[in-house]
Amino acid sequence: MSDSPAQTFVSTGTLPAREAIGALVEAAYAQFREERSGRVADYIPALAEADPQAFGICVANTHGDALAVGDAGQPFSIQSVSKPFVFALVCDALGPDEAAARLGVDATGLPFNSIMAVELRADRTTNPLVNSGAIATTSLVPGASAEQRWRAVREGLSRFAGRELAFDERVYRSEAESNERNEGVAHLLRGYGRVYCDPDEATDVYTRQCSLLVTARDLAVMGATLAGGGVNPLTGQPVVSADTCRRVLAVMATAGLYERSGTWLYDVGLPGKSGVSGGIVTVSPGKGSVAVYSPPLDEAGNSVRGQLVTRYLSERLGLNLFVSAPAI
Ligand SMILES: NC(=O)CC[C@H](N)C(=O)O
């Protein structure tokens, strides 16, 4: 959708051989299995029931190979990890310039549900990876009604995963019944002209999108789709354009872990996105994706083991985007 010039050189590179990845994923699992810090989210009542021991890791490449250990097949609600993928659908539909103008693409440095973040900027945008900007993003999903937008979100995220994603009615009801803060944010944004449909409908579709069920394996495939120019490595289907992928990854790099995004980039050196159910997806452009599921969170709402495992694998798989070596 964008008129950016075609790139002369494409950054490729591949992940190490399957055996090497397998050994490292097993080693990461063994090393962090006994980690007990962090707390399971309980502000959404249904999330408080998650098993703090659940722990799964999956690494997927852009050719459709995946390596998984532990509870990588256990379903959980996607929560905020949905945000970059819904943004990808909107960015693809509107084009990157209009998407940026209407939603903002700057890190807030503030918690994911911050109201202050909206007030601080003159144009009242935040970015698509915190609640305010994510509700605004969902309001821009093409569709004439809330029902159509919800269908487009569900189908779009399913195309990223390469299979039809189920919906967790219990998680949805639980969040919908205690959703005053997100509803308030949506109304505030609507007052500033920064939610682009009925604010209650936007919040409802957003809450539904957060209640789609994924596994760590699904997240790895979704991440590998963003790593591979928007083509799903399992189905071979194009989901979004390569140009959209690079925009989405840029926002993930600067804002994917809320107020810890700088620390994350400093340690891991890759675009990532966390969610309060305990998932983190990390993308290595051109190569693949690392996904972790482990419910206990730090104070910012990021999976503790997810961060430790991803840092471990980024360092050992040579994924950090900022690595260089002396030329002479
Ligand atoms: N950080 C998150 O995962 C937040 C998602 C959650 N549905 C909320 O809106 O509060």
* Look only at the side chain of Arg181 and the backbone of Asn113, and say whether a donor-acceptor pair between them is shorter than 3.5 Å. => yes
* For Tyr192 and Glu119, test the side chains for any donor-to-acceptor distance below 3.5 angstrom and give the result as yes or no. => yes
* **Thr125 vs Asp123, side-chain hydrogen bond (donor to acceptor under 3.5 Å, both in side chains): CA-CA, chis, key distance, verdict** => CA-CA 6 Å; Thr125 63; Asp123 71 1; 2.9 Å; yes
* Is Arg102 salt-bridged to Glu98, going by a charged N under 4.0 Å from an acidic O? -> yes
* To do: Please state whether the rings of Tyr258 and Phe112 are parallel, tilted or perpendicular, taking 30° and 60° as the class boundaries.
  => tilted
* To do: Quick one: name the residues clustered hydrophobically with Leu265, using the 4.5 Å side-chain heavy-atom rule over I, L, V, M, F, W, Y, and just say none if it's on its own.
  => Phe322
* Asked: Between Ser82 (side chain) and Gln79 (backbone), is there a donor-acceptor pair under 3.5 Å?
  -> yes
* **Salt bridge flag under 4.0 Å for residues Arg33 and Glu35** => no
* Just do the ring pair (Phe, Tyr, Trp, His ring centres under 6.0 Å) check on Phe55 and Tyr293 with the steps written out, would you? => CA-CA 5 Å; Phe55 184 28; Tyr293 173 55; 9.3 Å; no
* **Closest non-hydrogen atom pair, Ser158 against Arg154** => OG-O, 2.7 Å
* To do: Before giving the answer on salt bridge (charged side-chain N to carboxylate O under 4.0 Å, His left out), spell out for Glu175 and Arg170 the whole-Å C-alpha distance, their side-chain angles and the decisive distance to 0.1 Å.
  => CA-CA 9 Å; Glu175 183 165 9; Arg170 263 193 81 238; over 6 Å; no
* To do: Quick one: closest heavy-atom pair of Ala72 and Ile57, and the distance?
  => CB-O, 3.6 Å
* Is there side-chain contact between Ser145 and Gln148, with heavy atoms separated by less than 4.5 Å? -> yes
* Asked: Are Asn131 and Asn182 linked by a side-chain donor-acceptor pair shorter than 3.5 Å?
  -> yes
* In the hydrophobic clustering (ILVMFWY, side-chain contacts below 4.5 Å, transitive), which residues join Val221, or is it alone? -> Leu234
* Could you grab the distance from atom CG of Leu89 to atom CD of Glu155, nearest 0.5 Å is fine? => 10.5 Å
* Backbone of Val118 reached by a side-chain donor or acceptor of Thr126 within 3.5 Å -> no
* Asked: If only atom types and distance count, is the side chain of Ser174 paired as donor or acceptor with the main-chain N or O of Ala46 below 3.5 Å?
  -> yes
* Backbone of Arg159 reached by a side-chain donor or acceptor of Asn232 within 3.5 Å -> yes
* Asked: With the 4.5 Å side-chain cut-off for hydrophobic clustering, are Val251 and Met222 part of the same group?
  -> yes
* Structure fact -> The single option from Thr203, Val86, Asp204 that satisfies side chain to side chain contact (heavy atoms under 4.5 Å, CB included) with Thr138 is Val86
* Residues Glu315 and Asn320: side-chain donor-acceptor under 3.5 angstrom -> no
* Asked: Can we say Glu299 and Arg39 salt-bridge, meaning some charged N sits less than 4.0 Å from an Asp/Glu carboxylate O?
  -> no
* To do: Could you list all the ring pair (Phe, Tyr, Trp, His ring centres under 6.0 Å) pairs where at least one residue sits in residues 122-166, not counting sequence neighbours?
  => Phe85-Phe160, Trp150-Phe167
* Determine, for Arg121 against Asp106, whether the closest basic-nitrogen to carboxylate-oxygen distance falls under 4.0 angstrom. => yes
